[in-house]
Structures are given as C-alpha cells and as structure tokens.
Amino acid sequence: MQDIHFSYQHALSADTVRSYAARIAQCQSMLEQGTGEGNDFLGWINLPADIRPQLADIQATAEQLRRDCDIIVCIGIGGSYLGAKAVIEALQSSFVQLEGGKPQIVYAGQNIGEDYLYELMTLLRDKRFGIICISKSGTTTEPALAFRLLKTQLEEQVGKADAQKRIVCITDARKGALRTLATQEGYKTFVIEDNIGGRFSVLSPVGLLPIACAGFDIQALVDGAARMMQVCSSATRIEENPAAQYAAVRNELYQKEGKKVELLANFHPKMHYMSEWWKQLYGESEGKDGKGIFPASVDFTTDLHSMGQYVQDGQRILMETVISILTPDHELRFPHDEANLDGLNFLSGKRIDEVNKMAELGTMFAHVDGGVPNMKIEVPALNEYYLGELIYFFERACGISGYLLEVNPFNQPGVEAYKKNMFALLGKPGYEKEGEAIRARKA
Ligand code: PA5
C-alpha cells in the first residue's frame, strides 16, 4: 500500500536537509527517550498502539449514541474538538446537513456566541439529541457554559434518566469540575490521559468517539497512524523520513531565509478543518519565547482570488505547504457542447480533478517563481487510513520541529492570559485583585 508522500524539491536542496541529520536524531531521541522539555506530555507518541484496547468500547458507545440520537452535539474547544471536526469534515459529504442522514454531528463550546448557542438550542428543541462533552481540564469556560445550557435543555426534553443515557463525558481521570459532575450524575466517561495534551489528542477518545459517531472507521484511522509511527520513527534515516524532512525544511527556511509564515494550502474544501487543526497544533506548540513560524492556511482555488495577490507579490515572508489529494472519491467529466458559447470545449471529456490539478501545479510554479518556497504532501486518497497517516506525520514533525526551534512544544502558557482577564472582568471569585487592576485600565 502507498503512503502519504512528502517532497520539498521546490523549497530546499537534499544536501541542506541531510545536514540536519544529527540535530534531528537528537530531537527524535528527546521524543522517544523522554529527555526533552515537556517530557510529561509524550503520551501521543505511542497512542496508535496504546489506544487499541479501548477501540471496542469507543465503538460500542458510538453505536448506542447513533441509535438513540438524530443529532449529536460535540462540546469542546481547541484540541478538544478540532481533530474530530477535521476528520469528519474531510470524510463526510459536503452537503451532509441538507442530505438529512442521521445522526448529524454539530459543535458547541468552541465559542461564546450568544446567537450561535440560541440558534443551536432552537434547532435542538424537540429533537432526539445527545451530548459528548470533552474537556481535559474540565474547567474551560466555553465548553462548561455550553454544557450547562444543553444538559439543562436535554433534561427538560427527555427527563433526567434518559438524558443520562445520552451524555458522554471525556475528561481527566480524577481532576476538574467535569469529572466531579460526570461521576455524580453517573455519565459514561472516557479518560484523557495526563500525558496527552489537547492538540495531540485526536487519536484518543477525544477524537475517536465523535469520529465513530459520524460513522467513520476509527480502526482504519488508527492503522494509518500506526503506519506513520513506524515510518517517522528514529529508526528511519532522514532520506526516507517525511516528518524529519518536513521539520528540517521549515526550520531552515524560518531561521536562514526569513520565512516567518507557513501557509498550509489545500485544493479540496473538505480539508479546511484539517488546516484549522494543523494551525492549532503548530501555533500552540511553536509560538513561544518570542519565536515560531506563524501557521496560516488557505483554501485554493477559492483564496487564489483573494489572498493570491499577497502570496504572489506581497512581503517575501511566506513558505507554502500544499496538501495534494491524488485521487478524489468521485469521478466527474466535463461535458462537450456543440455550440461552445463559453469557449470551454478544450476541456471536453476531462475530469474536473484534472483542471484542479493543473491549477495546483500552475500555482506552485507561480509561487515558487515569486519567491515562495513550496513543499508538498501527497495524500493518495481521502479515507480514514490516509488521514490517520497525515495526522501522525504532522504530530511527529511538530515534536521534532519544536525541539529544533529550542522551545517546549508541549506547553501553552500564553493561552492563560486572556482567561485571567476575562475572569477578572466577570467577577469570578479569586480574581478580585486582577479585576480592580483591569477596571482601572479600562477607565
Ligand atoms: O491543546 C490544548 O491544550 C488546548 O487547545 C485545549 O485543548 C483547549 O484549551 C481546551 O482545553 P480543555 O480540554 O481542558 O477544555
């Protein structure tokens, strides 16, 4: 079976990448031996193997929710929802909500938009719905707020006993308000292990339960990840190791060529949320100590008509990584038209994907010529197995890359700053002093 394939000939020379071999070996050893900073958060490294004993329970829980619910609300923010959403959107029909298949997966707790929550609750009125509430800390405001609203609504609609059967919580084994609440209410729970950070948790129950609820094959996803775990390990030399190469190329471009921004580009709108997940993975892992490549994303060809000008011609601070899906799921050919009033008969009989691929190739050469180095990740097809490969490839490269940059890739101290201010402004007990200080600044 083919694997995903990483190439970088339009970004850097093979010799430069090879020159990273010794440093990459050190980073790999820090990851595998747990000798680097953040070594208490390395549970994701062997997750494709370690998660296997839980797959049957996750699948059975998903099947029960699928039987009992027409809508499943997945509550979580950041690493507690992006991975699941990325995989589900990549695999499901672009029009799933209009097609009416059941159950539909919707999301909450990823914002504090009053209209969003009001509209969601209106939609759920009198519907058979269930809730998966995901929060590692069990104390994050956005999901906690959404959970209280939706749990109350569900209990009002079906009664406490039936609501209990339709709620699953995924949280810490012991700590946090969500653990206390789930235990007291008797909800089914899964544990997020202490050594797995949110953005590295998609291959744990955090990602796998919602993905299984959407009807996708979590075994195949984990198999693909397990394959990349082998391919990207320290046992594979840099010439054959895609994660090592990706980490080397992006660091060289950042440190030596001033490429401060990496654009992840796709040519299939279904990959939009994969880019959102990737942005969190790299942004939260590398953006610290005044360092880090800024991760940004574009959906092509759509954004060629908006961001394309900047990419081609703006500040030369960009590198670009293209995710290329080699074979789409469906075949659609362009029809011939005798009148040819639109002048498009030169495309007659061609697959739509052929047009898309020429856009992809043409864009790459244009951007390279314009001073934007290009990397490419070829994904043979959009299925669970290759998405599993892609996820593990990005995670592994992120760990290596963070260590190359000499930051701790596994903490996120910066995320706390806004929370402290928000709690102070809202008058949360314990934040009185900060409240006074911030109100003084406002005045
Ligand atoms: O990657 C992370 O650690 C964060 O993005 C968290 O996933 C996010 O802040 C949500 O945290 P929690 O799962 O504790 O509610």
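Counting starts at 1 for both ligands and their atoms, in listed order. Numbering of residues begins at 1 and proceeds along the displayed sequence.
A tilted orientation is assigned to the rings of Phe410 and Trp44, their planes being inclined by 30° to 60°.
For Lys165 and Asp68, the salt-bridge test fails: no basic side-chain N is under 4.0 Å from an acidic carboxylate O. Under a 4.0 Å N-O distance rule, the pair Glu239/Arg237 qualifies as a salt bridge.
For the residue pair Arg396/Gln28, the side-chain donor-acceptor check at 3.5 Å is satisfied. Looking only at atom types and distance, the side chain of Glu32 has no donor-acceptor partner in the side chain of Ser233 under 3.5 Å away.
Among Gln280, Arg199, Lys136, the residue whose heavy atom sits closest to atom 5 (O) of ligand 1 is Gln280.
The closest protein non-hydrogen atom to atom 12 (P) of ligand 1 is Thr140 OG1, 3.3 Å. For atom 2 (C) of ligand 1, the closest heavy atom belonging to the protein is Glu284 OE1, 3.2 Å. Nearest non-hydrogen protein atom to atom 3 (O) of ligand 1 is Gly198 N, 3.6 Å.
Residue Gln412 approaches ligand 1 through these ligand atoms, each under 4.0 Å from one of its heavy atoms: 3 (O). The distance from ligand 1 to the heavy atoms of Ser137 drops below 4.0 Å at these ligand atoms: 12 (P), 14 (O), 15 (O). Annotation for ligand 1: atoms under 4.0 Å from non-hydrogen atoms of Ser135 are 12 (P), 13 (O), 14 (O), 15 (O).
Residue pairs satisfying the side chain to side chain donor-acceptor pair (under 3.5 Å) criterion with at least one member in residues 428-437, sequence neighbours excluded, are absent.
In terms of the side-chain hydrogen bond (donor to acceptor under 3.5 Å, both in side chains) criterion, residue partners of Gln280 (sequence neighbours excluded) are, by chain and number, Glu284.
Proximity of Glu142 to ligand 1 is not established, as no heavy-atom distance is less than 4.0 Å. The closest approach between Ile77 and ligand 1 falls below 4.0 Å for a heavy atom of the residue.
By the 3.5 Å distance cut-off applied to N or O atoms, Gly79 is counted among the residues near ligand 1. The shortest N or O to N or O distance between Ser80 and ligand 1 is under 3.5 Å.
Once rounded to the nearest 0.5 Å, the distance linking CG of Leu404 with CE of Met30 reads 9.0 Å.
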